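Scope of the values below: all heavy atoms of this structure, side chains included, with no hydrogens, waters or symmetry mates. Predicted, not measured: the structure shown is a model, and the values here were computed from it.
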Amino acid sequence: MTNNINARNIADKKEAAELSSKDMPPLNCCKRLWDYQDTPEAKGYALLSMGRGVAVMANVVFNAALLELAQTAAGCLTGEEKEAVGEDYECTNKIYGQNPLALISNIAVVTGLLSAFFMPFIGVILDFTSYRRFIGIVFALVFTLIQIIQISIGPKTWFPMAILQSVGGFCFAGMIMTSLAYLPEICELVGQEKHSKYTARFTAKQFSIQALFLMLVGGLSFAFGITKNSTYTARMAMGLNSFFIAILFGVGWHKYMPSRPSSRPLPEGLRSCTSVVVYGLKQNIATTKSIYHQYKKGLFWFLLAEVFAQSSVGALTTLAVVYLNDVVGLNTTDVSLFFLVVLIGTIPGARLAPIVTKRSNPNVAWQISMVSLFITIVVGAFTLGNAPNKYFSFVWGFFVGFNLGWFYPTENLFFSCALPKGSEAEIAGFRVISSMILSWLPPLLFSLMISNGIDPKWGMTAMAVFLIFAAFLLAVGTGKWEDILLESGRSEAQDVEIDDAEILLESGRSETQDVEIPNVQ
């Protein structure tokens, strides 16, 4: 009975949205970007996506400052003092039993382990109970409070802030999972065509606010004369971040994101939390076996490759901060400008994605993008330390962004084509969990290398190797593209032209996650 009522409500809202679209007079460009036609979930998702974009960029600045404070506490030279000594300077001091350079990667390890362990349980609760909105609000609230507390970062507080950073990264992963649970329902409400346009808008908004936030931080740090003071710059960034996300998350969850009944039914008699979780995990195991047996030409190998590809790409932001600070010599303001260049680089990369896809297919295009990103990371890791000017790293940043702009659209297009019809919501959750399973491993390898005196360039290379392994799995495991489409029940997609608009709609990144340069760690 409840399912019939929900289906009727969805149909009524979809019809209302279509009528509203027909009767609506032409709007200007800016209004169209915010026109979601009686679909509050879409407005809420856009606001949450923008909030996450701001948080990612603010935490990039914060991590750079945290790293410098840890080095100073260990008695290592930083900034201009380190530059004055020369390239041969190496600090072997430790703080709290660890190399200060390993601090940021160790935070990522803790965050990754927490996410890998707890996210399957959270996914069960989201699927089999009606607590989705409540969990989303709790994650957003705790994350926002952590960001506010972290405004007080300084020489005496940096270590507690590092601990909070691990908790914040876990909450961020939880926010991604809870908000993504609404995407299939938005698609049901408005239809595939409108959902495509909405997804492109989500990405455009997130990209825009990330770039604007970095420009704001850079401009204000220059205006206040604190460009060389990483602590003050981080405090300002976290203050602005706290203000913006409090509004974006608050309005998004309170005003627009509705409560939802469970998306998957429970057998009668299951009432306790433990029994629900155990039942849900058993169902997920059954689904995993089903994917392996029924979709072994495409979807199974995609999810397996996703485990390795996302563990590498997700660690890139975290480990790049360490490399840029220690090897290249960028300060906190420089790092924020570096990632602004990365964002700019994603634009031409996203334009290349449909060209390569048309000449091959999404599977091959995604493999090539991973190999290209691997080469870019390794070339930068082995050359920038000897560059005559540290700002040559910005050129590397542009090409990193270029490859990310190519990577994400083809990844999502492959997923959308390999996804079995009728299982969108269930498999989308599996994809999120797959992306987190090994998110702790590349940072762990990096930390172990740093702690044993191995040059950070080898740590960056170890991280990038996961991309090659993912591409290898696809190359040897997947079937022909026509067979993948046939297996998923989407063989008619062969007749659809893959143009720029379609690529952009997919680049809303059934998140990773979004094109929000990965990870708050």
Shortest non-hydrogen separation from [X] to [Y] and the atoms involved:
| X | Y | value |
| --- | --- | --- |
| L216 | F244 | CD2-CE1, 4.1 Å |
| C171 | F139 | CA-CD2, 3.8 Å |
| S311 | F466 | OG-CD2, 3.4 Å |
| I245 | G51 | CG2-O, 3.5 Å |
| Q210 | G53 | CG-O, 3.3 Å |
| I377 | A464 | CG2-CB, 3.9 Å |

Do [X] and [Y] come close enough that some side-chain heavy atom pair is under 4.5 Å?
| X | Y | result |
| --- | --- | --- |
| V335 | V60 | yes |
| T383 | F392 | no |
| T317 | V342 | no |
| V321 | F339 | yes |
| L103 | Y96 | no |

Please check if the side chain of [X] supplies one atom and the backbone of [Y] the other of a donor-acceptor pair under 3.5 Å.
| X | Y | result |
| --- | --- | --- |
| R235 | I153 | yes |
| N106 | A102 | yes |
| Y408 | T346 | no |
| T233 | I226 | yes |
| Q150 | M161 | yes |
| S312 | M463 | yes |
| T111 | S166 | yes |
| N331 | K228 | no |
| Q71 | C76 | no |
| S435 | V432 | yes |

Looking at CE of M50 and CG of L47, how far apart are the two atoms once the value is rounded to the nearest 0.5 Å?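 Reported to 0.5 Å precision, the distance equals 6.5 Å.
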
N/O donor to acceptor pairs below 3.5 angstrom from side-chain atoms of residues 452-459, sequence neighbours left out:
| residue | atom | partner | partner atom | Å |
| --- | --- | --- | --- | --- |
| N452 | ND2 | L448 | O | 2.6 |
| D455 | OD1 | K457 | N | 2.9 |

Take atom CZ of F382 as the centre, draw a 6.0 Å sphere, and report whether it contains more than 12 heavy atoms from other residues, nucleotides or ligands.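 Enclosed: over 12 neighbouring heavy atoms sit under 6.0 Å from CZ of F382.
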
Cut-off 3.5 Å, no hydrogens considered: what does the side-chain donor-acceptor table look like for residues 393-402, sequence neighbours left out?
| residue | atom | partner | partner atom | Å |
| --- | --- | --- | --- | --- |
| S393 | OG | K390 | O | 2.7 |
| W396 | NE1 | T376 | O | 2.8 |

Take E306 and F415 through the side chain to side chain contact (heavy atoms under 4.5 Å, CB included) test and state the conclusion after the steps. CA-CA 10 Å; E306 183 87 339; F415 178 65; over 6 Å; no

Ignoring hydrogens and geometry beyond distance, is a side-chain donor-acceptor pair present between [X] and [Y] at under 3.5 Å?
| X | Y | result |
| --- | --- | --- |
| R431 | N412 | yes |
| Q165 | N59 | yes |
| S105 | S447 | yes |

Are Y182 and Y45, when compared by the centres of their aromatic rings, separated by less than 6.0 Å?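 They do not qualify: ring centres at least 6.0 Å apart.
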
Establish, for the pair R52 and F143, whether the NZ or CZ atom is under 6.0 angstrom from the six-membered ring centre and no further than 45 degrees off its axis.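 No.
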
Given the rule in the side chain to side chain contact (heavy atoms under 4.5 Å, CB included) test, do V322 and F446 qualify, once you have shown the distances and angles that lead to the verdict? CA-CA 10 Å; V322 181; F446 188 88; 3.9 Å; yes

Anything under 30° is parallel, anything over 60° is perpendicular, the rest tilted; go ahead and classify F134 against Y131.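 Rings of F134 and Y131: perpendicular, over 60°.
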
